[in-house]
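One structure below.
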Amino acid sequence: MRLVTWNVNSIKQRLPRVLAMIRRHEPDVICLQETKVEDQLFPTMELVAAGYECAMFGQRAYNGVALLSRVGLKDVRYGFDGDPIPGQARVVSAQTGDLRVVCIYVVNGQAVGTPAYGTKLAWLDAFRVWMAATFDPADPLVICGDVNIAPDDRDVWDPVLWRGSILASEPERAAVRALEAWGLTDLGRAAAGDVPGPFTFWDYTAGAFHKGWGLRIDLALGTAPVADRLESVMVDRDERKPTYGEGKPSDHAPLIVTLL
DNA sequence: ATGTCACTTTACAAGTGA
């Protein structure tokens, strides 16, 4: 079983690269974030032609998530009970194969101390409460998505520069730990050990990718039955290269998780 | 820190969010 999670920053702009990624990695399940499109304009035909059933939860211009599977989707749920900002499309989940997959796009938060930052922390808490009330950590479940948090200093390119700032602040990191405490393992960190990264995001500005200024903010968090099946986790960094593939890159690269 | 991108609009440049 192979899963990919990828913040595509507009599925309309990124469709050729998504189709090429599918040919390269042949994932069973794909979690997309920042699709930025209403459901009726989602490229369902092209992805069905590629072999995937599609559950999309989108909106115009902002946010938007989608869950694609070539092993079937059952019990699809759109959003979550208790969402403090229910007008924003950020979570879609379903049963696929033997897994419950929860595709999430966490609030960015803009900057520490802003209203958006408060919304981010409130959203993360409400999401955790819903998860705990709805699912059982003894079951095979994985949360995949753009979490917009680098869990610790190994997940930022310059820990001193990033200390305390948005995406790396202690309250954000505590929110990830609270999710893990419910019964989830950070599969990317489990695979990498103490090696920094692997980064999944490089800012578009300042030549960040070329300079290695990356962050690991796209995560796959699995319950114990999933963590026990972990074979490998890798990042397809080629997808972040401007010269690779068709059209411009997203600012995120796909995270590929393979389970036994 | 700042070599960007995508989207939207009493649109054809500028604001917003990332």
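Under the rule for a salt bridge (charged side-chain N to carboxylate O under 4.0 Å, His left out), the partners of A:Asp236 that lie at least two apart in sequence or sit in another chain are A:Arg24. The ring-ring contact (aromatic ring centres under 6.0 Å, His included) search around A:Phe199 returns none, not counting sequence neighbours. In terms of the salt bridge (charged side-chain N to carboxylate O under 4.0 Å, His left out) criterion, residue partners of A:Asp186 (sequence neighbours excluded) are, by chain and number, A:Arg216. Residues satisfying the ring-ring contact (aromatic ring centres under 6.0 Å, His included) criterion with A:Tyr105, sequence neighbours excluded, are absent altogether. Residues satisfying the side chain to side chain contact (heavy atoms under 4.5 Å, CB included) test with A:Ala66, not counting sequence neighbours, are A:Leu32, A:Thr35, A:Phe42, A:Met56, A:Leu68. Applying the side chain to side chain contact (heavy atoms under 4.5 Å, CB included) rule to A:Leu41 yields the partners A:Lys12, A:Val37, A:Glu38; only residues at least two apart in sequence or on another chain are considered. For the ring-ring contact (aromatic ring centres under 6.0 Å, His included) test, residues two or more places apart in sequence or in another chain that qualify with A:Tyr78 are A:Phe57. In this structure A:Trp123 satisfies the ring-ring contact (aromatic ring centres under 6.0 Å, His included) test together with A:Phe80, A:Phe127, sequence neighbours excluded.
Contacts of A:Tyr105 with the nucleic acid, taken as non-hydrogen atoms under 4.0 Å apart, involve only primed sugar atoms and P, OP1 or OP2.
One P atom belongs to B:dT10, the other to B:dG15, and the distance between them is 14 Å to the nearest Å. If you take atom P in B:dT2 and the same atom in B:dA18, they sit 22 Å apart, rounded to whole Å. Comparing the C1' positions of B:dC12 and B:dC7 gives an interatomic distance of 15 Å, to the nearest angstrom. Across B:dA6 and B:dA11, the matching C1' atoms stand 16 Å from one another, rounded to whole Å.
In this structure, CG of A:Leu32 is placed 16 Å from C1' of B:dA6, rounded to the nearest angstrom. A:Ile11 has its CD1 atom 13 Å from the P atom of B:dA6, to the nearest Å. Remark: P of B:dA18 and CZ of A:Phe201 are 11 Å apart, rounded to the nearest angstrom. B:dA18 atom C1' lies 10 Å from atom CD1 of A:Ile217, rounded to whole Å. Counting to the nearest Å, the C1' atom of B:dA6 and the CG atom of A:Asn63 are 13 Å from each other. As a whole-Å value, the separation of A:Asn108 CG from B:dA6 P is 17 Å. Taking atom CG of residue A:Leu215 and atom P of nucleotide B:dA1, one finds them 16 Å apart after rounding to whole Å. If you measure from atom CD of A:Gln59 to atom P of B:dG17, you get 13 Å, rounded to the nearest angstrom.
In this structure, A:His252 and A:Phe201 have tilted ring planes: the angle between them lies in the 30° to 60° band.
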Anything under 3.5 Å between a protein N or O and an N or O of nucleotides 11-16 of chain B, put it in a table, one pair a line.
none

Can you name the atoms? Protein N/O to nucleotides 2-5 of chain B N/O, anything below 3.5 Å, with the distance.
{"residue": "B:dT2", "atom": "O2", "partner": "A:Thr205", "partner atom": "OG1", "Å": "2.2"}
{"residue": "B:dG3", "atom": "N7", "partner": "A:Lys211", "partner atom": "NZ", "Å": "3.4"}
{"residue": "B:dT4", "atom": "O4'", "partner": "A:Tyr204", "partner atom": "O", "Å": "2.9"}

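The pair A:Arg154-A:Asp194 meets the salt-bridge criterion, since a charged nitrogen lies less than 4.0 angstrom from a carboxylate oxygen.
Listed by residue number, the members of residues 159-175 of chain A with any heavy atom below 4.0 angstrom from DNA chain B form an empty set.
Put simply, the side chain of A:Arg177 never gets that close to the backbone of A:Glu172: no donor and acceptor are under 3.5 Å apart.
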Let me have the donor-acceptor pairs involving side chains of residues 134-141 of chain A, under 3.5 Å, with sequence neighbours excluded, atom names and distances please.
{"residue": "A:Thr134", "atom": "OG1", "partner": "A:Trp130", "partner atom": "O", "Å": "2.6"}
{"residue": "A:Thr134", "atom": "OG1", "partner": "A:Trp130", "partner atom": "NE1", "Å": "3.1"}
{"residue": "A:Asp136", "atom": "OD1", "partner": "A:Ala138", "partner atom": "N", "Å": "2.8"}

